[in-house]
Amino acid sequence: MRILVTGGAGFIGSHVVAALAGAGHDPVVLDTRPPPEGPEGREWVRCDVRDAAGVGAALRGVDAVCHQAAMVGLTTDFGDAPAYVGANDLGTAVLLAAMARAGVGDLVLAGSMVVYGEGRYTCPEHGGVRPGPRRPADLDAGRFEPTCPQCGAALEPGLVGEDAPADPRSVYAATKLAQEHLAAAWARSTGGRAIALRYHNVYGPRMPRDTPYAGVASFFRSALARGEAPAVFEDGHQRRDFVHVRDIADANTAALEAVAHREGGTLRAYNAGSGTPHTVGEMAEALANAHGGPRPRVTGRYRLGDVRHITASSQRLADELGWRPRVGFAEGMAEFAAAPLGDPSASA
Ligand SMILES: NC(=O)c1ccc[n+]([C@@H]2O[C@H](COP(=O)([O-])OP(=O)(O)OC[C@H]3O[C@@H](n4cnc5c(N)ncnc54)[C@H](O)[C@@H]3O)[C@@H](O)[C@H]2O)c1
Ligand SMILES: [Zn+2]
């Protein structure tokens with residue numbers, strides 16, 4: 001298949017392109033970044049996803065689109081909102097309209113677990129509950145665990161399924177949810193077929209060096225590279241699902257091979273995580289050990305937009321698309337501790 005990979009120059013997109021080529025497909029990169037220098041010849045369209053004419057030309061002869069291009073990360077400045085909405089939502093709308101015009105009916109979208117917000121919890125008394133936004137007063141006092149909104153009891157975090165209600169808690173999260181809604185609307189109105197892969201915390205070679213927008217694994221890896229101790233926020237007991245970028249690339253390949261067989265007019269969402277939650281503190285330890293120190297430092301600091309625990313069940317992806325993660329936590333973190341980091345894409 002000939003597949004247009006938007007954001008194909010990025011961290012995840014570049015691994016998707018490699019996986020697709022490895023599986024015998026014909027990937028074409030669309031990205032605002034220039035192709036890397038050197039002999040390696042990938043087909044490359046340097047263009048913004050908001051450029052309707054450029055995207056239209058890039059779609060010629062394409063069987064399916066893998067839409068990775070986005071502005072990523074948790075912004076601290078609400079003034080960035082127009083840039084996020086522009087790149088992520090207007091960008092997706094322009095891309096989908098161009099696909100409709102070109103008659104390209106198959107889409108795999110890079111979604112995110114951020115659409116779930118604080119995730120799923122159980123109160124011993126009230127069963128499944130959704131804690132509200134975290135309060136600065138609690139966080140300042142070191143009360144990091146969300147409590148039952150009805151009785152204040154301690155809660156047990158659980159695995160989020162795809163049918164959990166959406167609860168985006170940042171500008172970025174709102175744009176990732178809107179991308180899914182746009183793709184679902186496109187599918188309904190054109191008869192197209194869409195799969196959204198809701199990635200969990202992706203890490204691995206070429207993860208961008210730390211910027212305020214980077215993921216936590218990059219913060220730690222970048223600190224270690226500077227000879228500094230990884231600074232762990234809160235108490236380090238936040239639970240996440242760290243999934244290796246090559247496993248995410250394989251999930252994209254599986255989704256692209258399956259999407260054309262889906263019923264027209266629908267979008268189906270899949271969590272894409274390792275299935276094995278770890279705490280942020282454990283991740284810092286694993287990286288610091290593999291790197292040979294220094295030991296992580298737990299700071300008690302926090303970011304208001306962060307959720308406490310977010311871990312998902314990726315069973316649907318295993319059951320329906322036959323995908324299995326192949327890179328274990330210890331092995332993946334050991335590799336990442338020594339792997340090169342990538343350049344952050346120009347953002348905000
Ligand atoms: N990294 C994670 O842990 C994670 C988790 C969940 C979801 N995602 C999603 O995965 C996708 C890829 O993220 P990444 O981590 O590889 O980020 P990245 O910044 O490394 O890659 C994004 C790429 O998209 C390109 N791009 C951005 N805006 C563009 C535009 N308007 N037109 C054309 N190209 C544009 C950038 O130049 C970059 O090469 C994004 O959609 C992101 O929301 C990532
Ligand atoms: Zn309760």
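Order of listing sets the numbers, starting from 1, for every ligand and every atom in it.
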Would one find an N or O of [X], backbone or side chain, under 3.5 Å from an N or O of ligand 1?
X: V202; value: yes
X: D31; value: yes
X: G13; value: no
X: K176; value: yes
X: V49; value: yes

(message) Could you report the tightest heavy-atom contact between W186 and A194, atom names first, then the distance?
(response)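 Nearest pair, atom of W186 first, then A194: CZ3-CB, 4.1 Å.
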(message) Counting C-beta onward and ignoring hydrogens, is there a side-chain heavy-atom pair between R42 and P35 closer than 4.5 Å?
(response)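 Answer no - side chains too far apart.
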(message) Are H67 and L107 packed together at the side-chain level, in the sense that at least one heavy-atom pair is separated by less than 4.5 angstrom?
(response)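 H67 reaches L107 side chain to side chain.
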Examine the proximity of ligand 1 to [X] and report which part, side chain or backbone, both or neither, has a heavy atom under 4.0 Å away.
X: C47; answer: backbone
X: R50; answer: side chain
X: S345; answer: side chain
X: D48; answer: both

(request) Measure the distances from the heavy atoms of Q179 to every atom of ligand 1 and state whether one is below 4.0 angstrom. (result)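 Under 4.0 Å: no for Q179.
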(request) Identify which of G10, S218, G111 has a heavy atom lying nearest to atom 21 (O) of ligand 1. (result)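 Considering heavy atoms of G10, S218, G111, the nearest to atom 21 (O) of ligand 1 sits in G10.
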(message) Heavy atom to atom 10 (O) of ligand 1, shortest distance: which of Y199, Y172, F242, F11 holds it?
(response)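 Checking each option, the heavy atom nearest atom 10 (O) of ligand 1 is found in Y199.
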Salt-bridged, [X] to [Y], with N to O below 4.0 Å?
X: R130; Y: D167; value: yes
X: R303; Y: D306; value: yes
X: E234; Y: R301; value: no

(message) What do you get for the angle at the Zn ion (ligand 2) between SG on C148 and SG on C123, to the nearest 10 degrees?
(response)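 Answer comes to 110°, rounded to 10°.
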(message) So if I count the atoms of ligand 1 from 1 in the order they appear, which ones are less than 4.0 Å from some heavy atom of A9?
(response)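 Numbered from 1, ligand 1 contributes 39 (O).
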(request) Provide the number and element of each atom of ligand 1 under 4.0 Å from a heavy atom of A69. (result)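 By the 4.0 Å cutoff, the relevant atoms are 24 (O), 26 (N), 34 (N), 35 (C).
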(request) Restricting to N/O/S, name the atom of H126 that gets closest to the Zn ion (ligand 2). (result)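 Looking only at N, O and S atoms of H126, the one nearest the Zn ion (ligand 2) is named ND1.
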(message) Ring centres under 6.0 Å, that's the criterion: do H244 and Y203 meet it?
(response)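 They qualify: ring centres under 6.0 Å apart.
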(message) Check for me whether the distance between the ring centres of F242 and H278 falls short of 6.0 Å.
(response)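 No.
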(request) Supply the atom-to-atom distance Q315 CD to N271 CG, rounded to the nearest 0.5 angstrom. (result)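 The CD atom of Q315 sits 11.0 Å away from the CG atom of N271.
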(request) Find out if a path of hydrophobic residues (ILVMFWY) with successive side-chain heavy-atom gaps under 4.5 Å connects V243 to V16. (result)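 Yes: a chain of side-chain contacts under 4.5 Å links V243 to V16.
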